[in-house]
Number of protein chains: 2
Amino acid sequence: MPKPPAVPKSAAARKRPPQRRAAPDAALADSGKAARSRRTQARILDAAEELFSHHGIYGVSIRDIADRAGVDTALLHYHFANKDGIYEAVMLRRAGDVNEARKRAMDDYARKSGGKPSIEGIVRAYMQPVFERLRTGGRGFNNYAALIALANNSALWGGGTVKEYFDPAVQRLVDLLRLALPKAREEDLYWGYQFLSGALTLSYSRNARIEGLSHGRCRANDYAAIEPRLVAWCAAGLRALGACR
Amino acid sequence: MPKPPAVPKSAAARKRPPQRRAAPDAALADSGKAARSRRTQARILDAAEELFSHHGIYGVSIRDIADRAGVDTALLHYHFANKDGIYEAVMLRRAGDVNEARKRAMDDYARKSGGKPSIEGIVRAYMQPVFERLRTGGRGFNNYAALIALANNSALWGGGTVKEYFDPAVQRLVDLLRLALPKAREEDLYWGYQFLSGALTLSYSRNARIEGLSHGRCRANDYAAIEPRLVAWCAAGLRALGACR
DNA sequence: CGGGTTATTGATCAAATCGTGAATTTCGCG
DNA sequence: CGCGAAATTCACGATTTGATCAATAACCCG
């Protein structure tokens, strides 16, 4: 009886298709059943990522995703159990990569700068992986970023699993800032992060107000223009916060 | 196309009978049919405001709103035609008031400061009306602000009518900043506004990450703590942007 | 090549959704 | 009072949504 594993309702979100390792020979890395399945899942997640980033989780139906991915509705349930499963998978797919890169960049900078890291350097290291991927990561990462921005300004900041990927990088950032701003109050470091976070996420959100406001002088996704300005902005703000004790 | 599901299903709350209105005596200013109608519409908008701010426009059904307002679904269509009409009415209801107050505050400050307005003063005048209402405006304005934050980081920044209320105040802000930062590049003034806007909206959004990150040291809606820090932060950032030409 | 597992589709359901038009209440006004 | 318009409710239909079950296609391995 080929039946999709009827997972108990309580553990529905846990369900994952058995993930086989790629064939050891790997003459062709992505041939074979498992690889094909993985590619299909990726196509589903790509579609969901794009649609979620435009309309939010509730503005997209499972059918919308299935149509855009070119598969049947039931397949989404087979791979991801339900809609929340799809959403969580989308949120987690890139979370590890970008935050590992953040921690690596901050560690590298901390080592390179010896005992005297600059605020600019710390902030730049934290932001650089995101901007790099925004510029070169294709439409996929841009959709993901817009979705993160959407979730960040709402109550549903992921199902609760997302923070486990994002929070450690933030703590690393705050730790470095504490080193560079020894006179700053502890709470001001966190307020500083919150302001930084708000400005950063708005920059890769789907909001393009600035184009109309500036009469076309600024383009909303001109990340080459945004990155240095945002670094300077946040560094100055952090210094002001750290000094106002 | 985005067609909506719903959010929270409280079976008990669903069958709650329509709440009878308060005593009809009330011989006060607004009795009469028109006033009653206006009060009903206000109740509907209050309910929609709260639900939209939590779950987004697609996460709320017309029934959810009607139930919470204690009226029939058809009444929402009678007053606001359809869901988009409700959304627009919610967005516009407080838009005029807060932005008029912003312009007034900036005009007052510009006059009071003569020809030498400070960055801090300008930014404070722009933000003050919002923080004042967040502190004293009751739950209604807090819901509205959270909804604005949600819309601000998404593609649907109002149906297009909202910007006509918000943009003039922003332009007034930029005009004053141009005066106070004569060496700044034109586009940097707008980037500055964008960063300011991101940090500001995140501060009154429904995101409470900072409470967990700071281990309870910061409370997400401690506006008395946020306002002065955000003013200092943005002023420092603007100065840095304006000087880096 | 053939059995068995996995991936994918087709058909379908119960519930929820938006919207409408007819009834019913409320209330101003003559 | 009592008529008529505005405000509000009732009942309902067409459509969409999330989800499931059985049936088929693709593939691996012996």
Side-chain angles (χ1 to χ4, degrees), chain A residues 1-9 12-13 15-25 27-28 30-44 48 51 55 57-67 69-87, chain B residues 1-11 14-15 17-21 24 26 30-44 48 51 55 57-67 69-87:
Chain A
M1 302 278 184
K3 88 189 280 293
V7 208
K9 288 228 149 190
K15 169 193 179 310
R16 284 289 185 285
Q19 203 122 322
R20 278 300 254 290
R21 285 287 303 128
D25 62 293
L28 281 154
D30 53 349
S31 78
K33 202 171 191 172
R36 178 198 170 100
S37 171
R38 251 177 288 130
R39 257 176 298 153
T40 307
Q41 294 185 47
R43 218 152 24 101
I44 293 172
L51 292 172
H55 312 291
I57 179 170
Y58 297 122
V60 176
S61 76
I62 289 198
R63 275 180 172 77
D64 293 333
I65 302 172
D67 286 353
V71 299
D72 191 275
T73 311
L75 192 55
L76 307 205
H77 287 102
Y78 175 76
H79 281 303
F80 304 103
N82 54 30
K83 197 166 154 182
D84 286 337
I86 301 174
Y87 181 74
Chain B
M1 285 330 197
K3 271 309 164 60
V7 212
K9 286 274 146 73
S10 164
R14 261 229 184 277
K15 55 196 310 191
Q19 195 163 315
R20 221 50 190 123
R21 293 204 337 89
D30 51 347
S31 77
K33 205 171 192 173
R36 178 200 169 102
S37 170
R38 247 177 292 128
R39 257 176 296 154
T40 308
Q41 293 184 46
R43 225 158 15 118
I44 294 172
L51 292 173
H55 314 289
I57 178 170
Y58 297 122
V60 176
S61 75
I62 288 197
R63 270 178 166 79
D64 293 333
I65 304 172
D67 285 353
V71 298
D72 191 274
T73 312
L75 192 55
L76 307 203
H77 287 103
Y78 175 76
H79 281 303
F80 303 103
N82 54 30
K83 198 164 147 183
D84 285 338
I86 301 175
Y87 181 73

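Lettering of chains follows the sequences in order, A, B, ..., and the numbering in each one begins at 1.
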For A:Leu75, report the nucleic acid contact type (base, sugar-phosphate, nothing); a contact means any heavy atom under 4.0 Å.
->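 If one applies the 4.0 Å heavy-atom cut-off, A:Leu75 turns out to touch a base.
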Return the value, rounded to whole Å, for the distance between atom [atom1] of [X] and atom [atom2] of [N].
{"X": "B:Asp64", "N": "C:dC18", "atom1": "CG", "atom2": "C1'", "value": "13 Å"}
{"X": "B:Asp84", "N": "C:dT17", "atom1": "CG", "atom2": "P", "value": "17 Å"}
{"X": "B:Ile86", "N": "C:dT17", "atom1": "CD1", "atom2": "C1'", "value": "13 Å"}
{"X": "B:Phe80", "N": "D:dT8", "atom1": "CZ", "atom2": "P", "value": "10 Å"}
{"X": "A:Ile65", "N": "D:dA19", "atom1": "CD1", "atom2": "C1'", "value": "14 Å"}
{"X": "A:Ile57", "N": "D:dG18", "atom1": "CD1", "atom2": "P", "value": "10 Å"}
{"X": "A:Gln41", "N": "C:dA7", "atom1": "CD", "atom2": "P", "value": "8 Å"}
{"X": "B:Tyr58", "N": "D:dT17", "atom1": "OH", "atom2": "P", "value": "12 Å"}

Shortest non-hydrogen contact between [X] and [Y], atoms and distance:
{"X": "A:Val71", "Y": "A:Arg43", "result": "CG1-NH2, 4.2 Å"}
{"X": "A:Thr73", "Y": "A:Arg63", "result": "OG1-CG, 3.9 Å"}
{"X": "A:Ala66", "Y": "A:Leu76", "result": "N-CD1, 4.0 Å"}
{"X": "B:His79", "Y": "B:Ile44", "result": "CD2-CD1, 4.3 Å"}

Starting the side chain at C-beta, find the nucleotide from [options] nearest to [X].
{"X": "B:Lys83", "options": "C:dG21, D:dT8, C:dC18", "result": "C:dC18"}
{"X": "B:Ser37", "options": "C:dT8, D:dT17, D:dA7", "result": "D:dA7"}
{"X": "A:His77", "options": "D:dT17, D:dT20, C:dT20", "result": "D:dT20"}
{"X": "B:Arg36", "options": "D:dC10, D:dA7, C:dG10", "result": "D:dA7"}
{"X": "B:Asn82", "options": "C:dG19, C:dT20, C:dT9", "result": "C:dG19"}

Stepwise side-chain contact (heavy atoms from CB on, under 4.5 Å) check, B:Tyr58 with A:Ile57 = CA-CA 8 Å; B:Tyr58 297 122; A:Ile57 179 170; over 6 Å; no
Is [X] near enough to [N] that one of its side-chain N or O atoms lies under 4.0 angstrom from OP1 or OP2?
{"X": "B:Arg63", "N": "C:dA16", "value": "no"}
{"X": "B:Thr40", "N": "D:dT8", "value": "yes"}
{"X": "A:His79", "N": "C:dT6", "value": "no"}
{"X": "A:Ser61", "N": "D:dT16", "value": "no"}

Is the backbone N or O of A:Val60 less than 3.5 Å from a side-chain atom of A:Lys83, with the two atoms forming a donor-acceptor pair by type?
-> yes
Would you find a donor on one side and an acceptor on the other, under 3.5 Å apart, between the side chain of B:Asp67 and the backbone of B:Asp64?
-> no
Mapping B:Tyr78 and A:Ile62 onto DNA chain D by nearest heavy atom, which one lands closer to the 5' end?
->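 With B:Tyr78 and A:Ile62 compared, the 5'-side residue is B:Tyr78.
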Note down the inter-axis angle between the two ends of the helix from C:dC1-D:dG30 to C:dG30-D:dC1, five pairs each, to the nearest 10°.
-> 10°
What's the spacing between A:Asp72 CG and A:Tyr78 OH if we round to 0.5 Å?
->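 The CG atom of A:Asp72 sits 14.0 Å away from the OH atom of A:Tyr78.
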